[in-house]
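Start at 1 with the first residue, then count along the sequence.
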Amino acid sequence: MNMTFAQQCNRIFDETVALYHLTDDVDFKPQNPYSANDPAHTLFAKNWIDAVQWHL
């Protein structure tokens, strides 16, 4: 079953927050798991920045 765009965004958001909480370190530099030409790459990066800002 294909995910809707909103479902994919929520999944990426949940993955990003979970990854942040593995270290709880605002200086941690995660490896983006999505290819640079995939819009999910940008969404992951944006969510990572948001997670860090929320925890500062």
Could you grab the distance from atom [atom1] of [X] to atom [atom2] of [Y], nearest 0.5 Å is fine?
| X | Y | atom1 | atom2 | result |
| --- | --- | --- | --- | --- |
| Q7 | I12 | CD | CD1 | 12.0 Å |
| T16 | D50 | OG1 | CG | 9.5 Å |
| L19 | Q31 | CG | CD | 10.5 Å |

Distance-only polar pair, side chains of H41 and D38, donor-acceptor under 3.5 Å:
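Side-chain D/A pair, H41 to D38: absent.
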Are [X] and [Y] close enough that some pair of their side-chain heavy atoms sits under 4.5 Å apart?
| X | Y | value |
| --- | --- | --- |
| V17 | N47 | no |
| L22 | F28 | no |
| T42 | Y34 | no |

Which heavy-atom pair separates N32 from A45 by the least distance, and what is that distance?
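Scanning both residues, the minimum pair turns out to be ND2-N, 3.9 Å.
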F44/I49 under side-chain contact (heavy atoms from CB on, under 4.5 Å): CA gap, chis, key distance, verdict
CA-CA 9 Å; F44 176 90; I49 291 167; over 6 Å; no
The criterion is side chain to side chain donor-acceptor pair (under 3.5 Å); which residues satisfy it with T23, sequence neighbours excluded?
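T23 satisfies side chain to side chain donor-acceptor pair (under 3.5 Å) with no other residue.
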For residues F13 and V52: do they belong to one hydrophobic cluster (side chain heavy atoms under 4.5 Å, members Ile, Leu, Val, Met, Phe, Trp, Tyr)?
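No: no chain of side-chain contacts under 4.5 Å links F13 to V52.
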